[in-house]
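In what follows, a single structure is set out as C-alpha cells and then discussed.
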2 protein chains.
Amino acid sequence: MNENSIERLSKYKSSLQKLKTLGFLKVFSDNLADALGIQSAQVRKDFSLFGISGKKRGGYNVEDLLTSINTILGKDRIENVIIVGCGNIGIALMNYRGFVREKIKIIAGFDIDPSRMAKVEKIPIYTMEKLKDFIHAESVKIAIIAVPDIAAQRVADLLISYGIKGILNFAPIKLKSQGEVVINNVDLIQEIEKVIYYANAMDDDNGKES
Amino acid sequence: MNENSIERLSKYKSSLQKLKTLGFLKVFSDNLADALGIQSAQVRKDFSLFGISGKKRGGYNVEDLLTSINTILGKDRIENVIIVGCGNIGIALMNYRGFVREKIKIIAGFDIDPSRMAKVEKIPIYTMEKLKDFIHAESVKIAIIAVPDIAAQRVADLLISYGIKGILNFAPIKLKSQGEVVINNVDLIQEIEKVIYYANAMDDDNGKES
DNA sequence: TAGATTTTGTGATTTCATTCACAAAAAGGA
DNA sequence: TCCTTTTTGTGAATGAAATCACAAAATCTA
Ligand SMILES: NC(=O)c1ccc[n+]([C@@H]2O[C@H](COP(=O)([O-])OP(=O)(O)OC[C@H]3O[C@@H](n4cnc5c(N)ncnc54)[C@H](O)[C@@H]3O)[C@@H](O)[C@H]2O)c1
Ligand SMILES: NC(=O)c1ccc[n+]([C@@H]2O[C@H](COP(=O)([O-])OP(=O)(O)OC[C@H]3O[C@@H](n4cnc5c(N)ncnc54)[C@H](O)[C@@H]3O)[C@@H](O)[C@H]2O)c1
C-alpha cells in the first residue's frame with residue numbers, strides 16, 4: 001500500500017477506461033505494463049497487493065478490474081469536495097469538467113472576499129462564516145485549498161477543526177497536518193523548476209557531446 | 001542527480017528564501033532536514049552531490065547556499081515560457097503572480113480559438129499559426145500544455161518539432177516524448193484521488209480501532 | 001594551548017521498491 | 001488425452017535511495 005502503487009492504480013484505471021471504450025474485454029498484465037512503461041510483474045504485484053486476481057492464461061477482465069480499482073479508490077460513489085479560495089486557480093478548478101467525469105463533485109466554494117460570491121458553473125460560493133455549518137451539514141471530507149500562501153496554514157487548521165480528512169493544497173508551502181488528516185501539497189512552481197532543470201541539463205549534455 | 005534530489009533542491013530554496021527574509025545568516029543541515037521532514041545526512045548528501053560544501057561547525061551560509069541552488073536550478077536568469085491552450089487553467093497560470101517572483105516569465109499564450117486573443121495581465125495570446133516563428137524568434141525552450149486531452153499529444157509533437165526542450169503538461173494523458181525532451185505530466189485528478197484514497201483509508205482504520 | 005563540543009562529509013548499512021525468474025494453473029491443439 | 005503455449009502469482013535477487021554512524025575539521029572555552 002505504498003504511495004506509488006496508489007498512483008499506479010489511478011493510471012491503470014485511466015488506461016482501462018480507454019480500453020473499455022474501445023470494446024476490449026480482457027487485458028494482460030503485459031499490456032498495462034507497456035501503457036505505464038513498467039514491468040508486468042509490477043502490475044501483478046500491485047493487483048495482488050489489493051487482492052485483485054486474474055486468470056492464468058486468461059488475463060484480467062477489463063470490466064471487473066475497473067470495478068475493483070474503482071472500489072479501492074473510492075470511486076464507486078460521488079465524492080463531494082469544497083474549494084476554499086475562489087481566485088484564479090480556485091475558479092479554474094470549479095470550471096473543470098474532468099472532475100465530474102471522475103465522480104469528483106465540487107459542491108461549493110468559499111472565500112473571504114464578498115465580491116467573489118457569484119456562482120460558477122452552478123456551484124455556489126459562500127463566505128467563510130458558512131464554512132463550518134456547510135461541512136457538517138454535507139459531511140464533506142475533502143477540501144481543496146487555493147488561498148494565498150500566508151493564509152493557507154490558517155485555513156488548513158480551520159478545515160481540520162471542522163472535520164475535513166483530506167486536503168489538496170495549491171499554496172506553495174508545506175502544510176503541517178495534525179492528527180489523522182491527509183495533506184497533498186501540489187507545488188506547480190516546483191514542477192516547472194524540474195522541467196527547467198532537466199531541459200537545461202540536456203542542453204548542456206548536448207553541448208558537451210558535440 | 002536523481003529526481004528526488006532536484007525536488008528537494010526546490011524545497012531547500014523555498015526554506016532558505018524564508019530564512020533569508022527573517023535575517024538568518026547561516027543554516028545547518030539539521031535545520032533544513034527538520035523543515036523538509038528528512039534526515040540531516042540526506043541534506044548534506046544532496047549538497048555534496050551538487051558540489052556545494054559548508055563549513056564544519058559553521059554550517060552553510062544562507063546567501064551563498066541560495067546562490068548555488070539558484071544557479072543549479074537555472075534561476076540565475078529569467079526563464080521565458082509559453083502556454084498553449086488559454087482556457088480555464090491556462091488563463092489561471094497566466095494570471096499567477098508567483099511565477100514572476102520565481103523568475104519564470106510567461107511571455108505568450110497560444111490558442112486555436114480566435115475568440116481567446118485578448119491579452120491577460122499584459123501577456124499577449126496568439127493564434128497557433130504564430131507558434132513556430134515565435135518560438136524561434138524568442139528561442140523559447142519551455143512550454144506549458146493546457147489544451148484538452150485529445151489535442152495534447154498533437155500539440156506536444158508540434159512544440160517538440162519547433163525546438164521546445166521542456167514541457168509541463170496538464171492534460172490527463174501521459175505524453176510520449178521523442179528524443180531529448182523532458183515532459184512532466186501533472187495529473188490533478190490523480191492528486192485528488194490520492195487524497196480521497198488515504199482519507200477513506202484513515203477513516204476505515206479508525207472504524208477498525210474503535 | 002589543550003580539551004571539549006559542534007557540525008560537516010561520506011563510507012557502510014539498512015530499508016524499500018522494482019525486476020527477475022519460475023512453478024503452477026489454464027487454455028488450446030493434435 | 002497429453003503435450004505445448006500462455007499468463008498469472010510470488011519468492012528470490014537486484015537496485016536505488018535514505019539513514020546510520022563516525023572520523024575529521026572548525027570553533028569555542030578556559
Ligand atoms: N493561479 C495559479 O495558476 C497558481 C498556480 C500555482 C499555485 N497557486 C497558488 O494557489 C493559491 C491561489 O492562487 P490564485 O492565483 O488563485 O490567487 P488569487 O489571489 O487569485 O485567489 C486567492 C483567493 O483566496 C481568497 N482568500 C484570501 N485569503 C483567504 C482566507 N483567509 N480565507 C478564504 N479565502 C481567502 C481571496 O479572496 C482570493 O479570492 C496561491 O497560494 C498560489 O500561490 C496558484
Ligand atoms: N481546468 C482545470 O482546473 C484543469 C485541471 C486539471 C487538468 N486540466 C486539463 O487541462 C487542460 C485544459 O483544461 P481547461 O479546463 O483549461 O480547458 P478549456 O477548454 O477551458 O481550455 C482549453 C483551451 O485549449 C484550446 N485548444 C483546444 N485545442 C487546441 C489546439 N489543438 N491547439 C491550441 N489550443 C487548443 C481551446 O480553444 C481552449 O481555449 C485539459 O486537458 C484538462 O483536462 C484542467
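These values consider heavy atoms only, across backbone and side chains, with no hydrogens, waters or symmetry-generated copies. Note on naming: letters A, B, ... go to the chains in the order of the sequence lines (proteins, then strands), and numbering restarts at 1 for each one.
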Short heteroatom pairs, N/O only, protein and nucleotides 12-15 of chain C, under 3.5 Å:
unit_1: dA12(C); atom_1: N6; unit_2: Lys45(B); atom_2: NZ; d: 3.4

Phosphate-side-chain proximity, [X] and [N], N/O vs OP1/OP2 below 4.0 Å:
| X | N | value |
| --- | --- | --- |
| Arg8(A) | dA17(C) | no |
| Asn2(A) | dC16(C) | no |
| Gln42(B) | dA18(D) | yes |
| Ser48(B) | dT10(C) | yes |

*Checking side-chain hydrogen bond (donor to acceptor under 3.5 Å, both in side chains) for the pair Tyr126(A)/Asp111(A): CA distance, chi angles, key distance, verdict?*
CA-CA 6 Å; Tyr126(A) 302 114; Asp111(A) 203 294; over 6 Å; no
*For the residue pair Asn70(B) and Asp76(B), confirm or rule out a side-chain donor-acceptor distance under 3.5 Å.*
no
If the threshold is 4.0 Å, N to carboxylate O, is there a salt bridge linking [X] and [Y]?
| X | Y | result |
| --- | --- | --- |
| Lys141(A) | Glu79(A) | no |
| Glu180(B) | Lys165(B) | no |
| Lys20(A) | Glu63(A) | yes |

*Taking only heavy atoms on the protein side, list every residue of residues 26-36 of chain B lying under 4.0 Å from any atom of DNA chain C, sorted numerically.*
Phe28(B), Ser29(B)
*With a non-hydrogen cut-off below 4.0 angstrom, is Ser40(B) in contact with a base, only sugar-phosphate, or nothing?*
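Answer is nothing: Ser40(B) stays at 4.0 Å or more from every strand.
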*Base versus backbone protein contacts along nucleotides 22-30 of chain C [heavy-atom cut-off under 4.0 Å; B, S, -]*: --BBBBS--
*Would you please indicate yes or no on a ring centroid separation below 6.0 angstrom for Phe28(A) and Tyr60(A)?*
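Between Phe28(A) and Tyr60(A), which both carry aromatic rings, the centre distance is not below 6.0 Å.
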_Enclosure of Lys55(A) NZ (heavy-atom neighbours >12, cutoff 6.0 Å)_ = no
*Can you establish whether the number of heavy atoms outside Leu22(A) located under 6.0 Å from its atom CG is more than 12?*
yes
*Can you list every pair that meets ring pair (Phe, Tyr, Trp, His ring centres under 6.0 Å) and has a residue in residues 155-189 of chain A, with sequence neighbours left out?*
none
Approximate separation, where rounding is to 0.5 Å, of [X] [atom1] and [Y] [atom2]:
| X | Y | atom1 | atom2 | answer |
| --- | --- | --- | --- | --- |
| Arg101(A) | Ile104(A) | CZ | CD1 | 11.0 Å |
| Ile107(B) | Ile83(B) | CD1 | CD1 | 11.0 Å |
| Ile183(A) | Asn169(A) | CD1 | CG | 7.5 Å |

_Can you pull out the residues from residues 59-69 of chain A that lie within a 4.0 Å heavy-atom distance of DNA chain D?_
Gly59(A), Tyr60(A)
Under 3.5 Å donor-acceptor pairs involving side-chain atoms of residues 35-44 of chain A, not counting sequence neighbours:
unit_1: Ser40(A); atom_1: OG; unit_2: Arg44(A); atom_2: NH1; d: 3.1
unit_1: Arg44(A); atom_1: NH1; unit_2: Ser29(A); atom_2: OG; d: 2.9

